[in-house]
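Notes for the one structure printed next.
The first residue in the sequence is number 1, and the count goes up from there. Any value given below was found using the heavy atoms of this structure, including those in side chains, with hydrogens, waters and symmetry copies removed. One-based numbering, in listed order, for ligands and for the atoms of each. What you see is a predicted model; the values in this text were computed from it and never measured.
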Amino acid sequence: MKPMNLTEKIFAAHLVGGGALPPAGEVVTIRIDEAFTQDATGTMAMLQLEAMGVQRVKPLSVNFVDHSMMQSGFRNPDDHEYLRTVSQKLGIIFSPPGAGICHFLNLENFVKPGMTGIGADSHTVNAGGMGAIYFGAGGYDVALAMATGEYQIPMPQVVKINLVGRLPAGVMAMDVILKMLSIFGVKGGKGKIFEYAGPAVATLSVPERATITNMGAEMGASTSIFPSDERTREYLESRGRGADYQPLAADDGAQYISETEIDLSTLVPLVALYPSPDKVETVAAHLGTRINQVCVGSCTNSSFENIASFAELLKGRRVAVDTLLYPGSRAVAIQLTNAGYMTSLWRSGVRVMENGCGACIGQGGSPVSKGISLRTFNRNFPKRSGTPDAQVHLVSPLVAAASALTGVMSLPDRAVEINAVPQVDDTASFLMPLPEAEAARVEVIRGPNIMALPDFEPLPSCLVGEVLLKLGDNISTDDIQPAGVYLPLRSNVKEYAMQATFNQVDTSFSKRAVAHRDAGGHGILVGRENYGQGSSREHAALCPRWLGIRAVVVAQFARIHVANLVNFGIVPLTFKNTADYDKINQGDKVSIDVSNLEGDLFMEVNGEKIPLVPAFEPKDVAQLKLGGAMSQFKATYCK
Ligand code: MIC
Ligand code: SF4
């Protein structure tokens, strides 16, 4: 038999209908072992799941609460209560606020080597550190996977990343992934799976591997994966899950589309400078840069090992700037306490915050005006921190500690050894599914923040309207549909659209779009490379759709966002010739004949006929015509 890489092995074992794996780029249907959401994407996903008429989910399913944690008013608590009760009704595990960050909890408790999964969050790929294939997806796709146990994705290309050498003292897993970002950039992973291999894999623990796979999302990769080996066994045993272990690796002679080698022993501490995770430089080049704040945590760097390293460097000394810490889970907080680190962190002046996303998604922890915040997080997009003129740079926990002590960007001044990882089990935090008969009697509680899903009309034969915004490269979903203080509106599409859509780019956008929509126009957006990078939030498609956007025309889309556009009936199109971008201006009147989505498509603007290429798959045509995925689902199953 032809030798297989690890990705091919897991795909082959999950291929619906069996047979041979299709070539890269062709859509494949795989069985999904786990599907999950978090609260900021979960309410919409659950509303869609309920609208599908599902009585009980098929695969292992979890709803985590970790993002929208600020309870200043009824909205977030209403969302949590809806998620708790709908989870109990539909057979879904519920992880309440305070238990921890979805990806971290997932690694600790649910992912096993060889599993497949999707999650309504772009960093679902974190699970690759356990030797599993997990994808980030929009809420609709996750709801569908909960209903059917299946997921469709274009077969990715597999890139081998050969790791050799050993990390020097003071250099961490964060530096490995920042090095990857410096090589591949924020769109270099599109359509690819990064498969890590080589002798240095054995030198990295599972949480270190997860730090690396986590930020594969920042390269636009479909996912990333490490083999499952003795280090995986060690991690699972430390969590009392030794029985979940199985060894997994690529066959000798397995084929890859390309190979890149990284010698860990040559790495130095790195920083991703504001405003992009791929603006990577050495910390050494920025020593002495003034900082105002340090934040440690996020799904990327909140393991016991990460925080213990941070605490060791601080031990016996006081921080010089505001320093916030978000443990990845309650179990990590207990481990830190049992190993003596909590006391030393408090004595060092660290503000120990709740186990959750916190400052990473702008739920508190915003820096001072014009401030510089050093964070161990994964994203530093403009305004994401909640302070419009602040800058966020991304670093490892050790650089964060060294800099917190001095108040300027610094390198660790001593090597640290951490205490052994205490064994801790916090599965008691989860609300497990009820038996079916009992579940059927659960009343789903919908507070006033839970609004019904809007219905969307079918696609007309010709889109006639205006270019409502002309955007540039790398527009993130934080630019399209900001989170932070708007998170409590995630269950209320109208309010979220009116208050937030593109408001960081153009405060008049929502009002202009609604007026254009109500006058019968079809809104068009124009952009360039890597449109929709970052988060999986389907609101970045749902809210624009509510505001009357019917097509987005760009040079290239990010993977999850393009799927979300299709799900909400917005036609995603790319320029055949990127230079045509220059021929279009904001405010131009345009028309696009979409009567035959399988034929040649053109945008008529300023007397020119600009050729376009579909960014959707042939399988998406029927859905686009009906106005979106829910319309198609209803037309197919709810007759
Ligand atoms: C993010 O890091 O941007 C988020 C918030 O976790 C998002 C999900 C969301 O917007 O709810 C993600 O990465 O998908
Ligand atoms: Fe939460 Fe930040 Fe991770 Fe997103 S990137 S899941 S907001 S910790």
Looking only at side chains, do [X] and [Y] share a donor and an acceptor under 3.5 Å apart?
X    : Y    : value
N355 : S329 : no
N292 : D322 : no
Q38  : N63  : no
S536 : D121 : no

>> Closer than 2.8 Å to atom 1 (Fe) of ligand 2: does that hold for any N, O or S atom in H103?
In response: no

What is the distance from atom [atom1] of [X] to atom [atom2] of [Y], rounded to the nearest 0.5 Å?
X    : Y    : atom1 : atom2 : value
T223 : Y134 : OG1   : OH    : 10.5 Å
L144 : E150 : CG    : CD    : 8.5 Å
L469 : I549 : CG    : CD1   : 7.5 Å

> Heavy atoms only: which of H67, Q38, R384, E218 is nearest to atom 6 (S) of ligand 2?
Replying inline: H67

> Which option, H123, R384, R537, E538, owns the non-hydrogen atom nearest atom 10 (O) of ligand 1?
Replying inline: R537

Under 4.5 Å between any side-chain heavy atoms of [X] and [Y], yes or no?
X    : Y    : answer
E34  : P59  : no
V159 : E195 : no
M219 : D278 : no

> Salt bridge or not for K112 and D33, using N-O below 4.0 Å?
Replying inline: no

Among all protein heavy atoms, pick the one closest to [atom] and tell me residue, atom and distance.
atom                    : result
atom 11 (O) of ligand 1 : R490 NH1, 2.7 Å
atom 2 (Fe) of ligand 2 : C360 SG, 2.3 Å
atom 1 (Fe) of ligand 2 : C357 SG, 2.4 Å
atom 8 (C) of ligand 1  : Q38 NE2, 3.2 Å

Ligand 1 atoms in contact with [X] (distance to a heavy atom under 4.0 Å):
X    : value
R379 : 1 (C), 2 (O), 3 (O), 12 (C), 13 (O)
S122 : 12 (C), 13 (O), 14 (O)
H67  : 4 (C), 5 (C), 6 (O)
S536 : 12 (C), 14 (O)
A40  : 11 (O)
I361 : 5 (C)
T41  : 9 (C), 11 (O)

>> With ring-ring contact (aromatic ring centres under 6.0 Å, His included) as the criterion, how do F381 and Y274 come out once you've worked through the C-alpha distance, each side chain's angles and the decisive distance to 0.1 Å?
In response: CA-CA 7 Å; F381 299 141; Y274 175 85; 10.0 Å; no

> Does at least one non-hydrogen atom of Q481 fall below 4.0 angstrom from an atom of ligand 1?
Replying inline: no

>> Under the criterion ring-ring contact (aromatic ring centres under 6.0 Å, His included), I'd like the reasoning laid out for F36 against F64: C-alpha separation, chi angles, the key distance, then a yes or no.
In response: CA-CA 8 Å; F36 73 83; F64 296 93; 5.4 Å; yes

Proximal ligand 2 atoms for [X], defined as those under 4.0 Å from one of its heavy atoms:
X    : value
H123 : 5 (S)
I361 : 7 (S)
N378 : 5 (S)

> Heavy atom under 4.0 Å from ligand 1: found in D121's side chain, backbone, both, or neither?
Replying inline: both

> ligand 1 versus H539, non-hydrogen atoms closer than 4.0 Å: side chain, backbone, both, neither?
Replying inline: neither

>> When you measure from atom 3 (Fe) of ligand 2 to the N, O or S atoms of C299, does any of those distances fall below 2.8 Å?
In response: yes

> Heavy atom under 4.0 Å from ligand 2: found in T300's side chain, backbone, both, or neither?
Replying inline: neither

